[in-house]
Amino acid sequence: MTRTVRCVAAAGAAALLALVPVTAGAGAASKKPVKKTVDIFDNYYESAKLTVPVGSTITWKWPVDTGDSHDVTLKKGPKGVKKFQSDVAAAEYSYKRKLTKKGRYHIICSLHDEMSMDITVR
Ligand SMILES: [Cu+2]
């Protein structure tokens with residue numbers, strides 16, 4: 001029994017050590033703008049929560065068939081950011097925005113109250 005526990009602990013420690021360089025690398029690169037894709041489903045965005053560096057570009061993608069129509073509407077953003085809204089689409093469409101101001105962007109689908117996502121830009 002004791003032996004099993006020790007084995008698991010050792011494996012855990014090894015996994016932690018292996019993760020350290022990877023995490024440090026991602027942290028160092030996180031200030032550069034990135035490109036992220038958000039997939040649109042019926043009725044949700046995937047991912048529903050994103051944190052990206054300032055200047056990053058988000059592309060929302062509608063699949064071949066979502067089963068319903070959806071859009072991307074900026075409901076609330078940082079001060080000075082103009083509201084934006086994509087077309088309403090059901091399939092094979094994409095919409096792109098570059099987020100140039102730091103803060104929180106609350107995105108909704110204007111057709112479905114429950115469909116929302118948040119992007120934190122820092
Ligand atoms: Cu929708």
Side-chain angles (χ1 to χ4, degrees):
M1 197 52 136
T2 313
R3 197 171 203 178
T4 312
V5 171
R6 239 184 242 141
C7 253
V8 169
L16 270 179
L17 282 174
L19 277 176
V20 170
V22 175
T23 309
S30 70
K31 282 177 184 169
K32 278 187 183 172
V34 295
K35 289 188 165 93
K36 287 274 184 191
T37 300
V38 175
D39 290 312
I40 295 187
F41 294 103
D42 195 25
N43 295 332
Y44 60 95
Y45 300 103
E46 178 77 45
S47 304
K49 272 202 198 306
L50 276 181
T51 300
V52 294
V54 69
S56 294
T57 301
I58 313 295
T59 302
W60 285 267
K61 278 194 173 160
W62 283 248
V64 173
D65 185 12
T66 59
D68 202 349
S69 296
H70 305 286
D71 72 2
V72 170
T73 302
L74 178 63
K75 179 76 174 175
K76 199 164 188 275
K79 268 193 183 147
V81 172
K82 275 191 192 164
K83 296 279 162 68
F84 56 75
Q85 185 168 21
S86 75
D87 288 338
V88 173
E92 296 187 83
Y93 178 67
S94 72
Y95 179 73
K96 195 188 281 186
R97 294 302 293 194
K98 190 174 182 181
L99 306 180
T100 56
K101 288 219 172 182
K102 290 182 184 181
R104 189 163 160 262
Y105 294 71
H106 184 60
I107 309 281
I108 60 151
C109 170
S110 67
L111 290 83
H112 303 103
D113 288 346
E114 76 279 15
M115 201 171 158
S116 70
M117 67 171 294
D118 288 293
I119 305 170
T120 302
V121 175
R122 58 184 184 194

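Whatever order the structure lists them in is the order used to number ligands and atoms, beginning at 1.
Within the structure, ring pair (Phe, Tyr, Trp, His ring centres under 6.0 Å) contacts touching residues 85-108 (residues at least two apart or in different chains) are W62-Y93.
Cluster membership for L50 and V34, using ILVMFWY side-chain heavy atoms within less than 4.5 angstrom, is shared.
The NZ atom of K36 sits 8.0 Å away from atom CD1 of I58, with the distance rounded to the nearest 0.5 Å.
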Table please: side-chain donor-acceptor pairs of residues 78-85 below 3.5 Å, with sequence neighbours left out.
residue : atom : partner : partner atom : Å
Q85     : NE2  : D71     : OD2          : 3.0
Q85     : NE2  : T73     : OG1          : 3.2

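With the Cu ion (ligand 1) as the vertex, atom SD of M115 and atom SG of C109 span an angle of 100° (nearest 10 degrees).
Of all the N, O or S atoms in H112, the one closest to the Cu ion (ligand 1) is ND1. When distances from the Cu ion (ligand 1) to the N, O or S atoms of H70 are compared, ND1 comes out shortest.
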